[in-house]
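First comes the structure, then the notes that go with it.
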Amino acid sequence: MVSYYHRLSVAFSHLVWIMGLLVLPIAAVYSFQISPVNAQNARTYATNFLLEQNPISEGGVWQHRGASWAMVRTFANRAVGSQTGSGGYDDGYAYLSGFGPNQKAQATLWKDPAIGNDSMTCRILRRLIWGRLRGNYCAGPGTHEVELLLRWADSAASARGYECNLSWDGKYAEIVRWNGPYGDFTYITQQRTFNDGIMPPNNGDIFIATISGSTINVYLNKNDGMGDQLIVIGTDPTYTDGGPGMGFFIQGSVDPTQFGFASFKASSD
């Protein structure tokens, strides 16, 4: 009798164990299940620019088809533009595809400590004429700008989407809609004043842009414990598709490698 009940108890224990194995996968599948729409839109991509490339490709994930605009290049674990500074609005850009419409793009800033100094040519001229060069012979620091792109798309003759930019000296941050043809753009928000302590941007700061529906938010994280601080907000319903990306703009005789990105990350939900 004892042996019989012992065998029955062991059999029952095995049955419970087997049922547990069957139930756990079902529960796991159910608890991580998401809607087909969100699954289709969800995507992430991150890079620290480990390769030296001109233009950036990283296995073909980065796109650029616009013939009128400059390329993005990578070296020494950073991404920068390839403009000359005299080509007008030929911003260097690159973007990703396959993302849903609600997007987030963020990048770690690279900022050279020497940014804003006179150009090398100007310094040489000053030295050659014993420091007597004055007036407007040197154009000054010029313009350095980094950009996060949202809902971006292009063709050989067109580039459109949302540009969220930030100047190297913190004088402005803007949301700009590119309308397609070269030089055709519309300012959505031009921000010139900021809360104390936010500007200028520093090396290592995190630059962030998000779009949800028609609302665009731009943030700067100073790594000071204050978190993501909102610096620009805008609303525009024009574009509902396209991918996240990055861009760079310089103007004047400045070095395009002095302000760029040390890493980049994008996601959509």
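Just so it is clear, the model here is predicted, and its values are computed rather than measured. Hydrogens, waters and symmetry mates play no part in the numbers below; they use all other heavy atoms, side chains included.
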Salt bridge (charged side-chain N to carboxylate O under 4.0 Å, His left out) contacts in which one or both residues fall within residues 97-115, not counting sequence neighbours: none
Heavy-atom side-chain contact between Phe249 and Glu147 under 4.5 Å: yes
Met246 side chain reached by Ile56 side chain, heavy atoms, under 4.5 Å: yes
Qualifying salt bridge (charged side-chain N to carboxylate O under 4.0 Å, His left out) pairs, either residue in residues 47-72, two or more places apart: Arg65-Asp154
For Phe49, all residues meeting ring-ring contact (aromatic ring centres under 6.0 Å, His included), sequence neighbours excluded: none
Working for side chain to side chain contact (heavy atoms under 4.5 Å, CB included), residues Trp62 and Val72: CA-CA 10 Å; Trp62 291 98; Val72 172; over 6 Å; no
Asp169: partners by side-chain contact (heavy atoms from CB on, under 4.5 Å), with sequence neighbours left out: Ser167, Lys171
Close side-chain approach of Asp91 and Glu163, heavy atoms under 4.5 Å: yes
Residues Leu150, Tyr239; criterion side chain to side chain contact (heavy atoms under 4.5 Å, CB included); working and verdict: CA-CA 9 Å; Leu150 300 168; Tyr239 302 124; over 6 Å; no
Set of side-chain contact (heavy atoms from CB on, under 4.5 Å) partners for Thr189, sequence neighbours left out: Ile175, Gln191, Val232
Non-hydrogen side-chain atoms of Thr238 and Tyr162 separated by less than 4.5 Å: yes
Nearest non-hydrogen partners of Asn223 and Gly204, listed with the distance: ND2-O, 2.7 Å
Check against side chain to side chain contact (heavy atoms under 4.5 Å, CB included), Met199 and Leu166: CA-CA 10 Å; Met199 298 298 179; Leu166 177 65; 3.6 Å; yes
Contacts of Ser57 that satisfy side-chain contact (heavy atoms from CB on, under 4.5 Å) - sequence neighbours left out: Gln53
Those residues that, when tested against Thr186, pass side-chain contact (heavy atoms from CB on, under 4.5 Å) (two or more places apart): Arg177, Asn179
pair Thr235-Ser214: side-chain heavy atoms closer than 4.5 Å: yes
Closest approach of Thr84 to Ile250 (non-hydrogen atoms, all atoms of both residues): C-CD1, 4.0 Å
Pairs involving residues 199-219, ordered by first then second residue, that meet salt bridge (charged side-chain N to carboxylate O under 4.0 Å, His left out) (sequence neighbours left out): Asp205-Lys222
Over all atoms of both residues, closest heavy-atom pair of Val218 and Leu230: O-CD1, 3.4 Å
Side-chain cluster (under 4.5 Å, hydrophobic types only) that Val80 belongs to, other residues: Phe75
Of all pairs that satisfy ring-ring contact (aromatic ring centres under 6.0 Å, His included), the ones with a partner from residues 183-236, not counting sequence neighbours: Tyr89-Phe185, Phe185-Tyr187
Verdict with supporting geometry, Phe259 and Val254, side chain to side chain contact (heavy atoms under 4.5 Å, CB included): CA-CA 10 Å; Phe259 196 40; Val254 298; over 6 Å; no
Cluster companions of Tyr172 among Ile, Leu, Val, Met, Phe, Trp, Tyr (side-chain spacing under 4.5 Å): none
Qualifying salt bridge (charged side-chain N to carboxylate O under 4.0 Å, His left out) pairs, either residue in residues 237-261, two or more places apart: Arg160-Asp241
Heavy-atom pair of closest approach, residues Ala209 and Leu148: N-CD1, 3.6 Å
